Amino acid sequence: MGGQASQRDTGMLKVASVLIVILVALAALASLGAPAFQRTATEAVIKLVAVVGMSIFIGNSGVSSFGHVSFMAWGGYLSALLTMTPQKKSVMLDLPDVIELIHLPWPLAMPIVCLLAALGALAIGYPLMRLKGIALPMATFAVLAITYVVALNWRSVTGGRQALVGLPLFTTLWVAVAAAAVTIIAAALYHRSRRGLLLRCSRENETAAAATGVDVSRERLVAFVISAFFVALAGMLFAHLLGTMTANTFYLDLTFVTLAMLVVGGPRSLTGACTGVLLVSAVQEIFRSIERGFDLGPMTVSAPPGLQEIALALILLLILIARPDGVMGDRELDAGRLLCRFRGRAPPLSKHPQSED
């Protein structure tokens, strides 16, 4: 058993290493493109941080969550309060002096923001993780709705319906890549941990896991808090890429897109989470280009607005019908098999490096 666990642990770290190498290679190619394309690539990498962060909870627990984008909002707003200059905050907001005078550099603000979001997730997750069945996913959606309404109306802190502008622009493609690499490693480490194993046991059979002594609520709470930490990191990066914060940015549209990415790739697989981001981002960019229009001889052909949302919904439906577990299912990329593939001896995909599932 110890040898199997060691092999499983090494396998997940190899998977993370391969994914990071692929990510860095794709980012290097994107950095050669036009500024607009680099920005699109940066947004995709930020969504990768969010989706991999979501997979820590959703993939390991098997519980759907419609509220994780609220942690992105928390990350964005908390970072705005910590990194904006006191002068800008005094003009746009009505904050206590102790908060208004805070002005931290973003490398210092980043861990503080993520830790605060994780503490908030601990507070709300403690009662929520005790819920059963469909009540838990619906409760997470309630968290999203509450976050949206509060952000939309708490003008003194969030700017309300008016956009909160003046956030420092520090998010570059390589900053996002570094954050994604850390998130991928963290997801792999959690997967190989004892707590990750216990949570996946509850995913397969909650009753049997509880009967063997697994505290399902506690294990879900741990994953929920870790997941919120990295999703808040994605929200902070996104806010400092846009330079503005609005409640609508972090609501239903982003919720649908990130969940679609996770479901399309396969929530039970770290490779699947990354694959889903790549596929959905490519589909979005293709249909966004079609909506903008292209020249066909003397004519300019364009599609009506909303085509990308319709196309993404149809693709999601087709994948759910054909592959309910996502494109990757529970398979992972493996470094050894990938090398053998290049030599023409073996496929690059292996079953999830875990024996407990």
Side-chain angles (χ1 to χ4, degrees), residues 11-27 41-65 67-72 75 110 114 117-118 121 171 173-193 195-196 199-200 203 222-238 241 250 254-255 257-282 325-333 352-354:
M12 280 308 299
L13 291 177
K14 285 182 179 179
V15 168
S17 300
V18 172
L19 292 174
I20 291 171
V21 169
I22 294 173
L23 175 62
V24 170
L26 292 176
T42 304
E43 289 186 15
V45 176
I46 293 171
K47 289 174 183 174
L48 175 63
V49 176
V51 172
V52 172
M54 292 166 62
S55 73
I56 293 174
F57 174 73
I58 298 175
N60 288 288
S61 70
V63 177
S64 298
S65 172
H68 266 67
V69 168
S70 60
F71 299 128
M72 292 185 71
M110 185 174 287
C114 295
T171 304
L173 176 59
W174 291 109
V175 169
V177 168
V182 172
T183 307
I184 290 171
I185 292 172
L189 290 174
Y190 176 78
H191 185 279
R192 57 174 274 186
S193 69
R195 291 198 175 278
L199 185 58
R200 289 192 299 280
R203 178 189 72 189
V222 171
F224 190 70
V225 171
I226 297 172
S227 179
F229 181 96
F230 290 102
V231 175
L233 173 61
M236 180 178 181
L237 293 173
F238 199 32
L241 174 68
F250 300 96
L254 191 57
T255 297
V257 169
T258 51
L259 283 175
M261 289 173 170
L262 188 58
V263 171
V264 165
R268 296 189 175 200
S269 164
L270 182 57
T271 305
C274 298
T275 302
V277 174
L278 179 62
L279 292 177
V280 172
S281 297
D325 293 329
V327 172
M328 298 298 296
D330 62 352
R331 295 180 296 174
E332 297 282 8
L333 282 174
H352 214 299
Q354 60 186 50

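Keep in mind it's a predicted model, so treat the numbers as computed, not measured. Nothing fancy with the numbering, it's 1 onward along the sequence.
Taking OG from S17 and CD1 from I22, the interatomic distance works out to 11.0 Å, rounded to the nearest 0.5 Å. Atoms CG and CD1, on L13 and I185 in that order, are 8.5 Å from each other to the nearest 0.5 Å. The line from CD of E43 to CG of L48 is 13.5 Å long, rounded to the nearest 0.5 Å. A distance of 6.0 Å separates CG of D325 from CZ of R268, quoted to the nearest 0.5 Å. Note that CD1 of I226 is 8.5 Å distant from CZ of R195, once rounded to the nearest 0.5 Å. In this structure, OG1 on T42 lies 6.0 Å from CG on L241, to the nearest 0.5 angstrom.
Across all non-hydrogen atoms, the minimal contact from F230 to A186 is CZ-CB, 3.3 Å. What you find for M328 and S269 is that their closest heavy atoms are CB-OG, 4.2 Å. Residues A27 and V177 approach most closely at CB-CG2, 3.6 Å, considering heavy atoms.
One N or O on the side chain of E332 and one on the backbone of L270 form a donor-acceptor pair closer than 3.5 Å. Between the side chain of S227 and the main chain of G53, a donor-acceptor pair closer than 3.5 Å is present.
The side-chain heavy atoms of F224 and F229, taken from C-beta on, include no pair separated by under 4.5 Å. Contact of the M261 side chain with the V264 side chain is not registered, since no non-hydrogen atoms from C-beta on lie closer than 4.5 Å. Between W174 and V24, the closest side-chain pair of non-hydrogen atoms falls below 4.5 Å.
Among the candidates T255, V231, L237, V49, the single residue satisfying the side chain to side chain contact (heavy atoms under 4.5 Å, CB included) test with M72 is V231.
Centroid-to-centroid, the aromatic rings of H68 and F250 stay 6.0 Å apart or farther.
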What side-chain donor-acceptor pairs closer than 3.5 Å can you find for residues 55-63, not counting sequence neighbours?
residue: S55; atom: OG; partner: V52; partner atom: O; Å: 2.6
residue: N60; atom: OD1; partner: R200; partner atom: NH1; Å: 3.0
residue: N60; atom: ND2; partner: I56; partner atom: O; Å: 2.9
residue: S61; atom: OG; partner: F57; partner atom: O; Å: 2.5
residue: S61; atom: OG; partner: V63; partner atom: N; Å: 3.1

Ignoring hydrogens and angles, write down the donor-acceptor pairs under 3.5 Å from the side chains of residues 272-282, residues two or more places apart or on other chains.
residue: T275; atom: OG1; partner: T271; partner atom: O; Å: 2.8
residue: S281; atom: OG; partner: V277; partner atom: O; Å: 2.7

